[in-house]
Amino acid sequence: MTDLLSGLNPQQRDAVTVDGSPALVLAGPGSGKTRVLTHRVAWLIQAQEVVPHRIMAVTFTNKAAREMRHRIEELLGGRLRGLEIGTFHAICARILRREADFIPLGPDYVIYDTPDQLSLVKQALADLNMDDKRFPPTRMHNMISRAKNELIEPELYRSESYFAEAAGRVYERYMELLVANNAADFDDLLMRTALLLAENAAVRERYQRRYDHVLVDEFQDTNMAQYSLLRDLGSGHRNVFCVGDPDQSIYGWRGADYRNVQRFEENFTGAETILLEQNYRSTQVILDVAMAVIDKAPGRKKKKLFTDREGGPNVTLYESYDERDEAQFVVETIAGLVATAEANPGDCAVMYRTNAQSRALEDAFLRAGLPYKLVGAIRFYQRREIKDLIAYLRVVYNPNDSVSLNRIINVPTRGIGQKTLGNLKIWAEKRSGTLWEALDALARGEDSPFTGRALNALRGFAQMVRGWREVARELSVPEVLDLVIDETGFHDALDDGTEEGAERWENVVELRNVAAEYEGLNLETFLEEVALVSDVDNLPDDADAPTLLTLHSAKGLEFPLVFIVGLEEGLLPHQRSFDEPDGIDEERRLLYVGMTRAQDRLFLLYAFRRTVWGDNAISLPSRFLDDIPEELLSGNVPLRSERTTPAWADYKRAITWESDAAPPQKAAQTTTYRPGQRVSHAKFGEGVVIESRVTAGEEEVSVAFEESGLKRLIASMAPMQILD
DNA sequence: GGCTCATATTTTTTT
DNA sequence: AATATGAGCC
């Protein structure tokens, strides 16, 4: 039996052994909060003799849940049975299936992902005869989602504006459609569970008795619904243990509210607050840089993080020419450090603000012939062919899921076009039944307005689905998949001889492999797993290759070497954050989260110009860079005091000036280069000037290089020798 | 009914 | 740049 408390510092030990009162652990990055959580669960089981199934532990990702279970099992030296551990969404999904009697859904409800949700919002708009140009489905969906996260039901949704009033009507119809489809969206999982516990005393008390202890990780990123759930679960025994860090709150856009930390202190009076300030991850230099950035956040409770990893190499700040150059620097640096055995490829992570930025990086890795691991981007389960097959499985499981039914009724094409489908919907409405009920009636030979080809196509499809439903219970998930693929001619329709077709078929094979791993599990469990997996969940940790991921998905992870790219105005902070109330601050915290992932080395990069939407634009270094003391930086960017031709400093003034005063005039009015001149560039070699003009105060030269083709360069950035 | 080509529109971040 | 939608043609 291991001593659970040895090897913990005094604060960690206090946290692990909190007894008989609620606890709030404010844990800085790298302060061992995962350790505290796992040791506490183990301590409860071992020292307090709490039965595992009376403990609920909530994590932020499924991967974190798996790892935590694994670590606790290691600590206790045995398998844990019954410990309830998972994300809020996963735990709620299970509760709702069990308590389906109390909600307007059957226990066989399906979970809709974002695209499903969006198509249902469009349907709601259509039903209400509302124009989707004036009421964009994404915005409507956003407002609905926000309401749900705040536990506001349609009938309570009050409008302050015309637009919000419209959203309220869409919300109401959207909910009706979800119920009709026997479906729940992500937000429903939380809202329905939270409301059930809040409104039904019997159910609430049952769950209060069921769990003696509730532990929550990443507490700063909980929303109202999640908090309400937590309060109701914990109000009896008050054994609620929350771990979080307001400085790492980065999910405000999804309804997370770090003020839940204050609410917790109010609702759970007498809660013990424990600060974990010692960082065991990063060097002092990295920590100082990160703290310099976060300290500028307004209205923040200052925490003093410290580490015994004194000093460390300076943080590298690199200004690249464009996103290609940026990616190349990353790849070359990694390759260099690997060559000198200073790092393993798997020690490195490259982080960015938007998924779109991964492209340039992937290109550079591919060109260098180096493998990499990519989190997110085109998510596997979002690929068309995968979604199609999942939709088939969902229809087999729950044929009243009309979103899935609509998706596959003519995929692969089987002669059921817009017109026939429209008629089918009209007929279904006339019979006041669902789409599937109409199809089912057709298959049974009921009289219908359909004749000829349309009738045959519809009946054939319906009979095929009926056939699957009859045998599905006897078959494993991969067997059902095989049946669907076989009878629909999915392979031939997909693998059309093109490279893309072959790739899509590969994905189908991969899905079948995934399904095969669920051998023994039923369709219900498979569909639920698939609906709730996140990208980080699928991160393979065996491959020794650099990881490419967004700053958001980097939360909770750590790497010896971290590159953060695209530190530019408009990207980080992102353009879309500018008009959000807490927007810029959240961007700042996002950068802080990224920086504090690094253990040994941190590289910060920005590009002088970047292609955005196929347009090449000059970019400005991120304002956050200004907050970093220069003595902690090295790289290719001159000190602020020594900059002689800092092109961007003037742009910055031009863009950030507040008054109506004209932006400062720049020196460059005439061009140094003329069309037809032969020039030589250090990197691109020799070429001929095609054009040269002054844009935004900078001379922009287009040169046709013999080796490297046509380039557009900024004269002051990339000086060239004139050869004639 | 289905396919091809042209136009529009897009990208924050995720369960 | 890449994808989604829509018009027009077979």
Side-chain angles (χ1 to χ4, degrees), chain A residues 58-65 86-93 111-119 122 132-133 136-138 142 145 148-149 184-191 218 221-223 225-226 249-256 323 351-360 363 375-379 381-382 384 410-423 452-454 457 496 528-537 549-555 566 570-580 583 586-587 589-591 593-594 610-616:
Chain A
V58 187
T59 58
F60 201 72
T61 63
N62 295 302
K63 182 173 185 245
T87 62
F88 269 114
H89 288 87
I91 291 174
C92 288
I111 300 169
Y112 277 1
D113 69 6
T114 308
D116 300 332
Q117 293 165 31
L118 227 45
S119 87
K122 285 179 193 154
D132 60 2
K133 291 280 183 300
T138 43
N142 229 310
S145 174
K148 287 186 177 184
N149 285 327
D185 66 16
F186 291 138
D187 304 317
D188 282 342
L189 299 178
L190 305 177
M191 177 171 79
E218 306 287 4
D221 284 323
T222 53
N223 61 33
Q226 291 164 331
S249 148
I250 54 173
Y251 282 94
W253 51 274
R254 167 176 131 174
E323 70 273 9
M351 303 175 186
Y352 35 82
R353 180 66 231 277
T354 66
N355 279 306
Q357 289 169 259
S358 73
R359 176 167 232 96
D363 278 352
V375 182
I378 334 106
R379 303 197 178 93
Y381 290 105
Q382 310 261 90
R384 196 179 64 212
N410 201 30
V411 176
T413 52
R414 52 174 71 90
I416 306 176
Q418 288 297 312
K419 205 156 180 178
T420 308
L421 187 56
N423 288 335
R453 264 202 305 199
D496 54 3
E528 184 165 309
E529 288 272 333
V530 160
L532 296 177
V533 280
S534 72
D535 298 320
V536 228
D537 294 338
L549 75 180
T550 63
L551 287 161
H552 279 89
S553 39
K555 186 165 86 154
L571 205 47
L572 184 63
H574 196 275
Q575 193 86 38
R576 297 289 281 263
S577 72
F578 290 170
D579 32 44
E580 297 286 321
E586 186 154 305
E587 300 287 305
R589 294 192 292 269
L590 191 53
L591 176 58
V593 167
R610 182 176 296 273
T611 314
V612 187
W613 292 334
D615 231 21
N616 209 289

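Below, chain A is the first sequence line, B the second, and so on; all start at residue 1.
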### Query
Of all residues at least two apart in sequence or in a different chain, which pass the side chain to side chain contact (heavy atoms under 4.5 Å, CB included) check with A:T611?
A:E323, A:N616
### Query
Quick one: side chain to side chain contact (heavy atoms under 4.5 Å, CB included) partners of A:A457, sequence neighbours excluded?
A:I416
### Whether A:E586 side chain and A:G252 backbone form a donor-acceptor pair below 3.5 Å
yes
### Query
If only atom types and distance count, is the side chain of A:N149 paired as donor or acceptor with the main-chain N or O of A:D187 below 3.5 Å?
no
Taking [atom1] from [X] and [atom2] from [N], how many angstroms apart are they, rounded to a whole number?
X: A:H89; N: B:dT15; atom1: NE2; atom2: C1'; answer: 4 Å
X: A:N149; N: B:dT13; atom1: CG; atom2: P; answer: 18 Å
X: A:H574; N: B:dT14; atom1: NE2; atom2: P; answer: 12 Å
X: A:D221; N: B:dT13; atom1: CG; atom2: C1'; answer: 11 Å
X: A:L421; N: B:dG1; atom1: CG; atom2: P; answer: 10 Å
X: A:F60; N: B:dT13; atom1: CZ; atom2: P; answer: 15 Å
X: A:N355; N: C:dA2; atom1: CG; atom2: P; answer: 16 Å
X: A:E529; N: B:dT15; atom1: CD; atom2: P; answer: 14 Å

Side chain of [X] only, heavy atoms from C-beta on: which candidate in [options] is closest?
X: A:T413; options: B:dG2, B:dT11, B:dT14; result: B:dG2
X: A:K122; options: B:dT11, B:dT13, C:dT5; result: C:dT5
X: A:W253; options: B:dT14, B:dC3, B:dT15; result: B:dT14
X: A:T87; options: B:dT14, B:dT11, B:dT15; result: B:dT15
X: A:H552; options: B:dT11, B:dT15, B:dT13; result: B:dT13
X: A:K419; options: B:dG1, B:dT14, B:dC3; result: B:dG1

### Task
Please state the C1' separation for the pair C:dG6 and B:dT11 - nearest whole angstrom.
22 Å
### Query
What nucleic acid atoms does A:F88 come within less than 4.0 Å of, heavy atoms only: base, sugar-phosphate, or nothing?
nothing
For [N], does either OP1 or OP2 sit under 4.0 Å from a side-chain N or O belonging to [X]?
X: A:N223; N: B:dT15; answer: no
X: A:N62; N: B:dT15; answer: no
X: A:R359; N: C:dA2; answer: yes
X: A:K555; N: B:dT15; answer: no
X: A:N410; N: B:dG2; answer: yes
X: A:T420; N: B:dG1; answer: yes

### Query
Closer to the 5' end of DNA chain B via nearest nucleotide, is it A:I416 or A:Q117?
A:I416
### Query
Quick one: on DNA chain B, does A:I250 or A:R453 contact a more 5' nucleotide (nearest heavy atom)?
A:R453
### Message
Pairing donors with acceptors under 3.5 angstrom, does anything connect the side chains of A:T114 and A:Q117?
### Response
no
### Message
Centre-to-centre under 6.0 Å for A:F186 and A:F88, is that the case here?
### Response
no
### Message
Should the side chain of A:T114 and the base of B:dT14 be counted as holding a donor-acceptor pair, with the cut-off at 3.5 Å?
### Response
no
